[in-house]
Amino acid sequence: VNGISGVVPADPLARELRQFAERHDLLARGRVLDREPRFPWTEYRALGAARWLGLTLPAEWGGRALPVPQAAVVLHELACAAGTAFAKLCLQPEFSSVLAHHASAELRDRFFRPLMRGEVLIGNQVTEPESGSDVGAIRTRAERKGDSYEITGTKSQAAFAADASLAIVYARTSEGPRTQGISAFLVPQDLPGVRRTVGDDLGERWMRRGQVTYDRVPVPASHRIGEEGRAFGYLGRELTHERVLLAGIYLGVARASWEETVAEAASRHAFGHPIAANQAVAFPLVEDGTRLASAWLFVQHVASRLEADPSPVGAAAMAKWLATETALAALDHAIQFHGGRGYSRELPHEQRWRDVRSGALAHGTSEIMHRLAARELWPAPGVRDARTIRDPP
Ligand SMILES: Cc1cc2nc3c(=O)[nH]c(=O)nc-3n(C[C@H](O)[C@H](O)[C@H](O)COP(=O)(O)OP(=O)(O)OC[C@H]3O[C@@H](n4cnc5c(N)ncnc54)[C@H](O)[C@@H]3O)c2cc1C
């Protein structure tokens with residue numbers, strides 16, 4: 001086994017997608033998106049037209065119905081070739097799959113199918129200024145008024161705050177305890193009373209995250225997704241799936257830097273010999289190769305069990321934090337062993353580190369991932385009562 005490349009199986013679809021990435025020059029485009037952050041509509045539409053969006057979703061919705069382990073291979077290869085941006089674009093339908101699974105057929109046909117084709121972008125808005133991990137504490141309210149709901153509140157840290165034409169907004173429809181009483185709505189972002197502001201991020205800058213405030217925004221009742229008060233449970237299933245695929249993406253990005261650093265360590269000379277001749281350089285790279293490969297095998301194991309009952313919530317959480325932290329350590333070594341140039345924008349490693357760094361926060365923080373795993377190890381009342389985490393009750 002030669003590091004992670006020795007354990008990722010060859011896959012014809014992954015090869016096809018790598019060729020797509022080369023044809024569309026996605027590696028260079030990802031670098032430009034970091035410097036000039038904007039949503040890459042051209043590439044998004046091209047990915048949609050070629051049916052690379054929503055790889056795991058059913059064919060009847062326009063997906064390829066790939067088993068999750070295979071989708072993980074395909075996205076891993078794309079992330080290795082071109083960074084996180086385009087692999088995450090491929091996951092946009094999965095990120096909004098509550099819409100496909102729980103909304104009315106009319107809503108699904110009108111909005112989810114165009115999402116699968118890369119024609120619309122849908123944001124997901126859970127986090128608020130006062131509650132991120134603690135989803136049960138959200139305060140945004142949706143009050144029923146005849147045939148519509150009136151939404152009032154503030155959502156923060158939302159990806160695509162600037163560019164999404166629609167967002168799935170999680171809001172309280174009743175005063176149920178904690179995570180009960182939360183409902184989801186598909187909200188057009190051009191409705192009166194919606195105001196969006198964009199922040200400035202460390203990485204994944206093209207997502208143009210920001211804050212969205214809702215001031216008595218009227219949303220048709222037909223835009224409610226699923227039953228009133230059940231949305232927290234819907235979100236949990238979706239998050240479990242996406243965490244595993246994200247883990248494969250982060251390992252793909254780190255693999256690119258690891259392979260480049262192994263080559264650099266052979267060709268870069270100091271004191272008359274290749275820097276790889278120093279154990280201080282070689283051993284951390286050996287360890288990174290070992291850890292990346294091991295994390296990959298664990299991710300594949302969890303991916304193969306995603307449809308099991310009960311759902312492997314804790315294992316998926318472990319896969320995400322393990323992959324993120326393993327990838328970040330390898331990317332840090334890539335910066336270090338490329339010397340001063342590793343720290344500069346001349347080389348891709350610093351951007352890869354900044355982009356993957358989001359993995360320890362988004363879709364549930366690494367600490368919350370530990371809590372989800374701990375809850376399965378110790379299903380004691382003290383842990384169970386802390387229903388503050390992104391997971392079905
Ligand atoms: C790149 C990126 C994209 C994002 N995209 C979106 C998006 O599209 N939509 C959206 O809704 N949100 C999004 N988020 C927000 C993200 O989901 C939250 O940042 C995350 O859930 C943490 O919430 P918080 O920031 O409020 O931190 P807090 O929940 O306040 O946590 C602060 C710190 O305390 C720790 N902590 C909290 N509770 C516990 C506990 N019980 N045990 C141990 N540690 C704990 C956390 O792990 C964290 O380190 C995004 C974030 C990033 C970085």
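Every heavy atom of this structure was used, including side-chain atoms; hydrogens, water molecules and symmetry mates were not. For ligands, and for the atoms within them, numbers begin at 1 and follow the listed sequence.
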Answer yes when Glu22 and Arg18 have at least one side-chain N-carboxylate O distance shorter than 4.0 Å, and no when they do not.
no
Please verify whether a non-hydrogen atom of Ala158 lies at under 4.0 Å from ligand 1.
yes
Lys/Arg-Asp/Glu bridge criterion (N-O < 4.0 Å) met for Glu350, Arg354:
yes
Can you tell me if Thr152 uses its side chain to pair, donor with acceptor, with the backbone of Arg216 under 3.5 Å?
yes
What atoms of ligand 1 come closer than 4.0 angstrom to any heavy atom of Glu367?
43 (C), 44 (N), 46 (C), 47 (O), 49 (O)
For Val126, is at least one N or O under 3.5 Å away from an N or O on ligand 1?
yes
Mind jotting down which residue pairs meet the salt bridge (Lys or Arg N to Asp or Glu O under 4.0 Å) criterion with at least one end in residues 317-338? Sequence neighbours excluded, please.
none
Taking distance alone, with N or O pairs closer than 3.5 Å, would you say Ala159 contacts ligand 1?
yes
Could you tell me whether Tyr149 and His223 have their ring centroids closer than 6.0 angstrom?
no
For Asn124, counting its heavy atoms only, list the atoms of ligand 1 lying under 4.0 Å from any of them.
7 (C), 8 (O), 9 (N), 10 (C), 11 (O)
Is ligand 1 under 4.0 Å from a heavy atom in the side chain of Arg209, in the backbone, in both, or in neither?
side chain
With a 4.0 Å cut-off, would you call Asp134 and Arg178 a salt bridge?
yes
Side chain, backbone, both or neither: which applies to Arg371 and ligand 1 if a contact is any heavy-atom pair less than 4.0 Å apart?
side chain
Below the 3.5 angstrom mark, is there an N/O of Glu204, backbone or side chain, next to an N/O of ligand 1?
no
With the threshold set at 4.0 Å, does a side-chain nitrogen-carboxylate oxygen contact exist between Arg113 and Asp109?
yes
Report yes if Gln157 has an N/O atom closer than 3.5 Å to an N/O atom of ligand 1; otherwise report no.
yes
Between Asp134 and ligand 1, does any nitrogen or oxygen pair lie at a separation below 3.5 Å?
no
If you compare Ile368, Leu202, Thr365 by their heavy atoms, the one closest to atom 47 (O) of ligand 1 turns out to be Thr365
Test of understanding: with ring-ring contact (aromatic ring centres under 6.0 Å, His included), list the residues that count as partners of His370, not counting sequence neighbours.
Trp321
Within a distance under 4.0 Å of any heavy atom of Ser358, pick out the atoms of ligand 1 and give their elements.
1 (C)
